[in-house]
Amino acid sequence: MSVPNSARTRPTRRIMLGGLLAGVLGALSAGALTGCGIAPTGVIDAGEPAHGLKAPGKPAPDVQLYFLGPTGLRPASRPATAPVGPEEAINLLLKGPNDAERQRGLTNVLPVLPGPVTAEAEDGRVTVHVPMNAKRLDTPSVSQLVCTAANAAVPGARSPSEVLVTLVGSTVRVGPMVCGGTNAFPFIQPSPSSAQPD
């Protein structure tokens, strides 16, 4: 039985058409990829570099500054090569947020002070001297100062929430206060138990 010539050539035509179609698609995709219109760009500033994890067993020497954000007081951690005391931390605070912190929406609400701020730290206590009447500082400003001072390197190995901070200015004292999370609160001396021993 003989096979018609048209039947013999069908497989060859399919192979040739398939190869031609693959070649056209390959050329189109190569042209689309090379001509996508994306131009090279220069270096884009994306803020400060990320900082890696601290080595295990070593205390983090970072300094915590407290700025006002869209939802209240927020900490901003900055790297340090050595522990930073309350006075140095407050002076960093007074310079205001850096570019990365401003991009997070953080701002400084402390007033422009007419002189330097100093701080004395001793066993679990910090006294911050401001060059103005300390009672004229508003609540967010007081919280910024108290929480920044309490989270600095304070002698006595107390947690930041246990450090007592007093603001002094123009012979006026405010405090002692403690930093409770992200706000300053007056320190209330625990009263002795009223329970009588058996």
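Atom CZ of Arg158 has more than 12 heavy atoms from other residues, nucleotides or ligands within 6.0 Å.
Applying the side chain to side chain donor-acceptor pair (under 3.5 Å) criterion to Thr139, with sequence neighbours excluded, gives no partner residue. When the side chain to side chain donor-acceptor pair (under 3.5 Å) test is applied to Arg102, the partners found at least two apart in sequence or on another chain are Asp99. Annotation: side chain to side chain contact (heavy atoms under 4.5 Å, CB included) contacts of Leu92 (sequence neighbours excluded): Val63, Leu65, Arg78. Listed by chain and number, the residues in a salt bridge (charged side-chain N to carboxylate O under 4.0 Å, His left out) with Glu87 amount to none (sequence neighbours excluded). Applying the side chain to side chain donor-acceptor pair (under 3.5 Å) test to Asn108 and every residue at least two apart in sequence or in another chain returns Gln144. Shown here are the side chain to side chain donor-acceptor pair (under 3.5 Å) partners of Arg74, two or more places apart in sequence or in another chain: Thr71. Applying the side chain to side chain contact (heavy atoms under 4.5 Å, CB included) criterion to Glu88, with sequence neighbours excluded, gives Val84.
Residues in residues 92-125 take part in no disulfide (SG to SG under 2.5 Å) pair, two or more places apart or across chains. Applying the disulfide (SG to SG under 2.5 Å) test to every pair with at least one member in residues 83-118, sequence neighbours left out, gives no pairs at all. Residue pairs that meet the disulfide (SG to SG under 2.5 Å) test with at least one member in residues 77-143, sequence neighbours left out, do not exist here.
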Which atom pairs, donor and acceptor, lie under 3.5 Å between side-chain atoms of residues 109-124 and protein residues at least two apart or in another chain?
| from | atom 1 | to | atom 2 | distance (Å) |
| --- | --- | --- | --- | --- |
| Glu120 | OE2 | His129 | NE2 | 3.4 |

What donor-acceptor contacts under 3.5 angstrom involve side-chain atoms of residues 163-181, with partners at least two apart or in another chain?
| from | atom 1 | to | atom 2 | distance (Å) |
| --- | --- | --- | --- | --- |
| Ser170 | OG | Asn133 | N | 3.4 |

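Counting only heavy atoms from C-beta outward, the side chains of Asn151 and Pro75 never approach each other to under 4.5 Å. At a threshold of 4.5 Å between non-hydrogen side-chain atoms, the residues Thr148 and Val146 do not count as touching.
With rounding to the nearest 0.5 angstrom, the CG atom of Leu93 is 11.5 Å from the OH atom of Tyr66. Distance CG/Asn98 to CZ/Arg104: 9.0 Å, rounded to 0.5 Å. For the atom pair CZ (Phe187) and CZ (Arg125), the distance works out to 7.5 Å, reported to the nearest 0.5 Å.
Here the shortest heavy-atom pairing between Pro140 and Leu73 reads O-CD1, 4.3 Å.
Linking Ile, Leu, Val, Met, Phe, Trp and Tyr residues whenever their side-chain heavy atoms come within less than 4.5 Å leaves Leu68 and Val142 in two separate clusters.
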